[in-house]
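These notes are about the structure you will find just below.
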Protein chains: 2
Amino acid sequence: MQTARQQEIIETALGLINENGIQSLTIKNLSKKLGITEPAIYRHFENKIQILVSILDLMKQNSNDIFSSELKSEESAAQKIEQLFKKHFRSFSEMPSLASVVFSEEMFRNEKVLIEKISELIEQNNKILLTILNEGQNNNELRNDIDAAHLAVIIMGALRLFVKKWQISGFTFDLQDEGNKLIQSVKLIILK
Amino acid sequence: MQTARQQEIIETALGLINENGIQSLTIKNLSKKLGITEPAIYRHFENKIQILVSILDLMKQNSNDIFSSELKSEESAAQKIEQLFKKHFRSFSEMPSLASVVFSEEMFRNEKVLIEKISELIEQNNKILLTILNEGQNNNELRNDIDAAHLAVIIMGALRLFVKKWQISGFTFDLQDEGNKLIQSVKLIILK
DNA sequence: ATAAAGTTAGTTAATAAACACTAACTTTCA
DNA sequence: TGAAAGTTAGTGTTTATTAACTAACTTTAT
C-alpha cells in the first residue's frame, strides 16, 4: 500500500519522465518539482530504485488491467485485439510518461530488480495475447497459416513502433485518432 | 575521414556496448579496454559525444547500404523486403552492439546532435521502405487494401521487436534461423 | 647530414559537476 | 507532546574533461 505522499511523488516522477525522458528523473529534479529538498524524498522512499519499482508496478497493473479484462470479454478475437490497442492508446494519451518508461528498458539493465519487473511485464502481456490469438485461430476466425507467436510479434511490434513514432514526433499527432486507423489495417491482416 | 586509431576506439566502444549496454560506455571503461589512460582518448576525439556521433554514422552507413542496395535490385517487392530483413539479421548477428545502439535512443534524448543523427537514420530507412512498398502495390504484387505507411509500421515494428526479443533473451536463439521463419510470415501478410 | 622545431600519443594529477544518500537538527500539527 | 515531514550541511562516488608535462618520432632549414 502507498501513502498519499508516495503517490504524489510517483506522479511527479512520471511528469518529469514525460517532460524530459527517464534520464531527467534524479532526486534533485524530483524534489525541486515537488517543492521540497532532496533528503525529504527519503522520508517516503528508501531509495531511488524503490521509486522506479513503484512506477513499474503501476505500469504492470495498468497493462494487466487492459489485457486481462479483454481476455475475459465475450468479443471476437479481432475485437479483443482492437480493444487492446484502443485501451493502450488511451492510456498512453492520458499519461505519455508511461510510453517513456516502456521504451527505456535499456536504462534498467544494471539493476537486477528492475530488469525482473520489466521482464515480468512483457512476459505477462505476451502470454495473454497468445491466448487470445490461439483462441481466434481455433474458432476459425483468425488466419491459420501464420504461427500465433509470429502474429503476436507482428501485432505488438506495430503497436510499439507506432507509439514510439508518436513519442519521437513530440506527441504532434493524435495517437487515438491515428491509432484507430492502424487498428483497422492490423485487423485486415490477422482476419481470415 | 577517420584515423586507424579512431577506428580502433569506436570498435572498442561497440564491444563495450555489446557486453554491458550503452551505459557502460564511459571514458574510463573505454580507456581501460584500450589499455591507455583516460586523457589519451582526447587525443583522438574532441569529446564523448563525437565518439557516439561516429558510432551513429557507422550505423547509418551500414543501414543505408542495406536499404539502398535493395532498392536498386531487380527483385519483386516481397523479395526486397525479405532481403532487407535477412541483411539486417546478419548485420546484427555479426555485431550485436548495433542492436544495442539502435534501441537506446532514449539515452541520446538530451543531446541535440545525437537526436538528429538517430532521426536521420530512421527517416532515411522509412523513405526507402515506403518506395519499395508503393512500387509493389502499383505492380499489383502487394495488397492494396492497406495503406503503405501502415504496412511500413507493421513490417518495421515486427523487425524491431524481433531483434529486441533476441537481445533481451541474451542472444540465446539464432537470430538468422528464427528470423527467416518470421520473414515467411511477414511475406504472407503483405502479398496479395 | 644534422641540429632545431614541431607533431603525435601518451602520462600524472587535478578539477568541477552531478549523482545518490546520510546525520543531525527543526518545524508542523493532530 | 511526540511523531511525521521537513531543513541544512555534508559525504563519497562517478562522471567527463583539462593542465602540464614527456618520450619518441618526423619535418624543416642550414
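Both backbone and side-chain heavy atoms feed into the values below; hydrogens, waters and symmetry mates do not. Residue numbering restarts at 1 for every chain, and letters A, B, ... go by the order of the sequence lines.
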| note | Those residues at least two apart in sequence (or on a different chain) that pass ring pair (Phe, Tyr, Trp, His ring centres under 6.0 Å) with B/Phe85 are B/Phe89
| query | Mind checking what makes salt bridge (charged side-chain N to carboxylate O under 4.0 Å, His left out) contact with B/Glu8, not counting sequence neighbours? | reply | B/Arg5
Taking N or O atoms only and anything under 3.5 Å, show me the protein contacts with nucleotides 18-26 of chain D, one pair per line.
none

| Rounded to whole angstroms, how far apart are CD on A/Gln23 and P on D/dA16? | 12 Å
| query | What is the distance from CD1 of B/Ile41 to P of C/dT11, rounded to the nearest Å? | reply | 10 Å
| query | Between atom CG in A/Leu30 and atom C1' in C/dA18, what is the gap in whole Å? | reply | 16 Å
| request: Name all residues meeting the salt bridge (charged side-chain N to carboxylate O under 4.0 Å, His left out) criterion together with A/Lys127; count only those two or more places apart in sequence or in a different chain, and write none if there are none. | output: none
| message | Please verify the inter-ring angle class for A/Phe162 with A/Phe173; under 30° counts as parallel, over 60° as perpendicular, anything in between as tilted. | response | tilted
| field | Atom pair distance, as rounded to whole Å: CD in A/Glu8 and C1' in D/dA4 | value | 15 Å
| task | Would you mind telling me which residue lines up with the more 5' stretch of DNA chain D, B/Ile49 or A/Thr37, judged by nearest nucleotide? | result | A/Thr37
| Distance in angstrom units between A/Gln6 CD and D/dA4 P, rounded | 13 Å
| Closest to the B/Ile27 side chain: C/dA20, D/dT15, D/dT17? | D/dT17
| said: Can you measure A/Ile51 atom CD1 to C/dC21 atom P for me and round it to whole angstrom units? | reply: 8 Å
| remark: Rounded to whole Å, NZ of B/Lys32 lies from P of D/dT14 at a distance of 10 Å
| task | With pairs defined as Watson-Crick or G-U wobble and both distances under 3.5 angstrom, please note down DNA chain D as a dot-bracket string, | for pairing with another strand. | result | ||||||||||||||||||||||||||||||
| request: Name all residues meeting the side chain to side chain contact (heavy atoms under 4.5 Å, CB included) criterion together with A/Lys117; count only those two or more places apart in sequence or in a different chain, and write none if there are none. | output: A/Val53, A/Leu56, A/Asp57
| task | State which residues pass salt bridge (charged side-chain N to carboxylate O under 4.0 Å, His left out) with B/Glu141; sequence neighbours excluded, sorted by chain then number. | result | none
| task | Say whether B/Ser73 and B/Gln83, considering side chains only, have a donor N or O and an acceptor N or O under 3.5 Å apart. | result | no
Taking only distance into account, with no hydrogens and no angle test, what donor-acceptor pairs under 3.5 Å do side-chain atoms of residues 31-46 of chain B form with protein atoms, sequence neighbours excluded?
residue : atom : partner : partner atom : Å
B/Ser31 : OG   : B/Ile27 : O            : 3.0
B/Ser31 : OG   : B/Lys28 : O            : 2.9
B/Lys33 : NZ   : B/Glu19 : OE2          : 2.7

| said: Does C/dT8 have OP1 or OP2 under 4.0 Å away from a side-chain N or O of B/His44? | reply: no
| field | Test salt bridge (charged side-chain N to carboxylate O under 4.0 Å, His left out) applied to A/Lys48 - qualifying residues, sequence neighbours left out | value | none
| remark: Here the distance between atom C1' of C/dT8 and atom CZ of B/Arg5, to the nearest Å, is 12 Å
